[in-house]
Number of protein chains: 2
Amino acid sequence: MSRRNTDATAQVVNVHACPVREVLDRVAGKWSVQILVAASHGPIRFTELERGIEGISRRMLTLTLRNLERDGLVTRTVYPTVPPRVEYGLTPVALELHETLLRLTDWAERNRGYIAQARAAYDAEHQPELLDA
Amino acid sequence: MSRRNTDATAQVVNVHACPVREVLDRVAGKWSVQILVAASHGPIRFTELERGIEGISRRMLTLTLRNLERDGLVTRTVYPTVPPRVEYGLTPVALELHETLLRLTDWAERNRGYIAQARAAYDAEHQPELLDA
DNA sequence: CGGCATCCCGAAGGATACTG
DNA sequence: CAGTATCCTTCGGGATGCCG
């Protein structure tokens with residue numbers, strides 16, 4: 001799988017459509033945000049991330065970290081010791097992003113109940129006939 | 001924060017309670033945000049959304065609208081005329097969400113160049129052999 | 001310890017066609 | 001106009017194994 005695609009047709013599609021989507025694509029991954037949150041308190045090691053983020057696989061942790069690093073959001077520092085030691089930290093830009101994510105957190109917490117209620121009401125209204133067979 | 005130890009990871013253990021992921025799951029769909037943005041200026045019709053959001057399929061427009069409606073973010077108003085007329089609008093809660101999304105937009109616009117540059121640098125550093133051929 | 005390579009599955013979403 | 005229904009492809013991501 002080559003990320004670098006020289007094929008012109010691949011770029012024909014409107015890649016840079018909406019800036020909102022642009023940022024969401026960057027954070028939409030299942031684990032990106034949790035990694036950003038975990039690293040927002042200071043440098044953190046690979047294994048610490050792995051243990052701290054419940055349910056993440058080693059593969060996805062690596063992949064997500066690589067993507068974040070590629071986007072200039074995460075720094076990777078290798079200490080050539082034995083055993084090896086690698087620490088991940090957030091760049092200033094990522095810290096800014098983390099700030100705005102806190103706004104979203106706030107919204108989610110304030111309206112979590114409202115949404116759950118809306119869902120229940122919608123489901124009750126639109127799925128009553130599932131009981132028949 | 002000179003004290004970096006298990007304290008950092010201990011705060012991340014509660015993953016499923018993470019409200020950030022909760023809101024992101026709700027908005028992570030490919031079209032959700034664009035619909036919210038399009039409807040943020042006032043009630044908008046189905047076809048207007050379809051034409052306004054480039055690339056969206058009729059199917060996904062319907063599905064995404066249903067999910068947003070289910071979560072209490074979008075209102076659906078049917079006018080029993082001929083031909084039928086359906087208007088979609090945002091609830092107050094969704095308008096709040098839209099506000100916070102604007103912060104993300106702002107971040108994306110301010111740092112879009114930085115990220116593009118970081119990507120280019122990363123790719124140049126990690127795949128140099130593709131340049132020569 | 002901190003990865004990368006491989007296989008595989010389910011869900012998201014595109015294409016197309018039909019309808020009240 | 002505003003949807004539904006069906007089929008099909010893509011791909012994110014889980015499981016597992018090996019390696020410096």
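All chains are named by letter (A, B, ...) in the order of the sequence lines, taking the proteins before the strands, and each is independently numbered beginning at 1. Remember, predicted model here, so these are calculated numbers, not experimental data.
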Legend entry - Candidates A:Val33, A:Leu90, A:Thr91, A:Leu36 - the one meeting side chain to side chain contact (heavy atoms under 4.5 Å, CB included) with A:Leu97: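 Answer after filtering A:Val33, A:Leu90, A:Thr91, A:Leu36: A:Leu36.
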Inset, instruction - Could you check whether the rings of B:His41 and B:His98 sit parallel, tilted or perpendicular, using 30° and 60° as the cut-offs? - result: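 The arrangement is perpendicular - the two ring planes meet at more than 60°.
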Inset, instruction - Under 4.0 Å between any heavy atoms, over every strand shown, what does B:Thr47 touch: base, sugar-phosphate, or nothing? Just pick one. - result: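 It contacts sugar-phosphate atoms only.
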Legend entry - Sugar-phosphate only, base, or nothing, as touched by A:Tyr88 at under 4.0 Å among non-hydrogen atoms: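 Here A:Tyr88 touches the backbone only, sparing every base.
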Could you check how far [atom1] of [X] sits from [atom2] of [N], rounded to whole Å?
| X | N | atom1 | atom2 | value |
| --- | --- | --- | --- | --- |
| B:Glu54 | C:dG14 | CD | C1' | 15 Å |
| B:Arg66 | C:dG13 | CZ | P | 16 Å |
| A:Leu61 | D:dG13 | CG | P | 13 Å |
| A:Leu49 | C:dG2 | CG | P | 9 Å |
| B:Arg51 | D:dG3 | CZ | P | 14 Å |
| B:Phe46 | D:dA2 | CZ | P | 8 Å |
| A:Glu69 | C:dG2 | CD | P | 15 Å |
| A:Arg76 | C:dC1 | CZ | P | 16 Å |

Legend entry - Pair B:Arg110 + A:Glu96, salt bridge at N-O below 4.0 Å: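 Salt bridge between B:Arg110 and A:Glu96, a charged N being under 4.0 Å from a carboxylate O: yes.
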Are side-chain heavy atoms of [X] and [Y] found at a separation under 4.5 Å?
| X | Y | result |
| --- | --- | --- |
| B:Thr105 | A:Val23 | no |
| B:Ile53 | B:Trp31 | yes |
| B:Ile35 | B:Leu61 | yes |

Legend entry - Below 4.0 Å: OP1/OP2 of D:dG3 and any side-chain N or O of B:Arg85: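 The answer is no; no side-chain N or O of B:Arg85 sits under 4.0 Å from OP1 or OP2.
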Inset, instruction - Starting from the 5' end of DNA chain C, give me the residue, B:Gly29 or A:Leu65, whose nearest nucleotide shows up first. - result: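 Result of the comparison: A:Leu65.
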Legend entry - Nucleotide-resolved protein contact map, nucleotides 14-20 of chain D, B/S/- at heavy-atom distance under 4.0 Å: BB----B
Inset, instruction - Could you walk me through whether B:Arg26 and B:Asp71 pass the side chain to side chain contact (heavy atoms under 4.5 Å, CB included) test, one step at a time? - result: CA-CA 8 Å; B:Arg26 194 150 289 106; B:Asp71 287 345; 3.0 Å; yes
